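Worksheet for the structure shown next.
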Amino acid sequence: MFIVPEREIADLMTRDAAFDAVESVFAAMASKDAYNFPVIREAIGHEDALYGFKGGFDKAGMTLGLKAGGYWPNNLEKHGHINHQSTIFLFNPDTGMVSAMVGGNLLTALRTAAASSVSIKHLARKDAKVMGMVGAGHQATFQLRAALEQRQFEKVIGWNYHPEMLPNIEKIAIEAGLPFEAVELDGMREADVVISITSTFAPTIMADHIAPGTHIACMGTDTKGKQEVEAALLARATVFTDEVAQSVSIGEAQHAVAQGLIKESDVHQLGAVINGTHKGRTSDDEITLFDGTGVGLQDLAVAASVVELAVAKGVAIEVDF
Ligand code: NAD
């Protein structure tokens, strides 16, 4: 088996490789060549940790495995490690033998950024000029950097619940050579593309904060009870997701479905747009909404890609197991 340690990932994995891996696996999910296993997430009763597994099998990419890990809230203070910790394990689908163990922390950030980026490629208007960010935490910087590669953006606007964090995303805009402007939430109407990536349990983006024609990628809601946007926005939008079952149970669509504003059948797989079996955006006035809940197959896809890169560069550690 090969081991690719966390410390090697930054030098190996590119945004392009993450984008390609995630786009391919979304397509495979929609054509039923790949499926995710039910997610396990447990409060283990030690260190206030949440620990779990996300796994799946992609028959098209021949990727089988799981990501194990979770959230240890005391890590940084007590041990000097980041609070989110994960490791990805890959198995040979022909034999069941373990084939790789890969650091999953940076890969999680890159695969999540790739998901909103893939949604922008396939659903945003081609003439999108203003990029809007709601959220300015750890993950927001990754989402913005990847998003800016998808269209000829001319400006970035941003809002965050904690305004003192806005310089995090302003820095990314400036690095990309774009002006940045902090706005109030109703100023988001100027944006052609919006990404929300916050940990809120109460919606901050209301339906009238989003103008007709906008593409919005909602990336923060990955747990029951979390909610970033008013449910009424989903009723006004054409809704896409990575995985419908997750979208209606732990994603942004959980609230609109529970309130009877939309049905599960109104939520479409982004992979179907990639495959050409769903038409995607049909007019310049349509609001498209991507509910990115985060699936195990995304993790496996980027891990498989990074193992290939590590082997090619001679930095994968080979272990006889
Ligand atoms: P972070 O802690 O670095 O940032 C949290 C963000 O949420 C900040 O912008 C903060 O200001 C904002 N926020 C906090 N409380 C808020 C409130 N009450 N109202 C509005 N905004 C509030 O976290 P992160 O690593 O950037 O992750 C952000 C979210 O994305 C988390 O909910 C995380 O679980 C989720 N996430 C989703 C995926 C996925 O695949 N969909 C992957 C990784 C992370």
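Read the numbers this way: they start at 1 and go in the same order the structure lists the ligands and their atoms. Worth knowing before you read on, the calculation uses all heavy atoms, side chains too, and leaves out hydrogens, waters and symmetry mates. All values reported here derive from a predicted model rather than from experimental measurement.
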> Which heavy atom of the protein is the closest neighbour of atom 10 (C) of ligand 1, given with residue, atom name and distance?
Replying inline: H162 ND1, 3.5 Å
>> Looking only at distances, can you tell me whether any N or O atom of G292, backbone or side chain, sits closer than 3.5 Å to an N or O atom of ligand 1?
In response: yes
>> Checking contacts here: is it the side chain or the backbone of R111 that comes within 4.0 Å of ligand 1, counting heavy atoms only? Could be both or neither.
In response: side chain
>> Could you tell me, atom by atom, which parts of ligand 1 come under 4.0 Å of a heavy atom of T112?
In response: 38 (C), 39 (C), 40 (O), 42 (C), 43 (C)
>> Can you tell me how the ring of F240 sits relative to the ring of H278, calling it parallel under 30°, perpendicular over 60° and tilted otherwise?
In response: perpendicular
> How are the rings of Y51 and W72 set relative to one another: parallel (under 30°), tilted (30 to 60°) or perpendicular (over 60°)?
Replying inline: perpendicular
> Are any of the side-chain heavy atoms of F91 and P93 separated by less than 4.5 Å?
Replying inline: no
> Got an N/O contact under 3.5 Å between M219 and ligand 1?
Replying inline: yes
>> Within the protein, is there a heavy atom lying under 4.0 Å from atom 2 (O) of ligand 1?
In response: no
> Is any side-chain N of the basic residue among E190 and K155 closer than 4.0 Å to the acidic one's carboxylate O?
Replying inline: yes
> Does K226 come within less than 4.0 Å of ligand 1, judged by its heavy atoms?
Replying inline: yes
> Which residue holds the protein heavy atom closest to atom 13 (N) of ligand 1, what is that atom called, and what is the gap in Å?
Replying inline: S199 OG, 3.9 Å
>> Please report whether ligand 1 has a polar contact with T204, defined as an N or O pair separated by less than 3.5 Å (distance criterion only).
In response: no
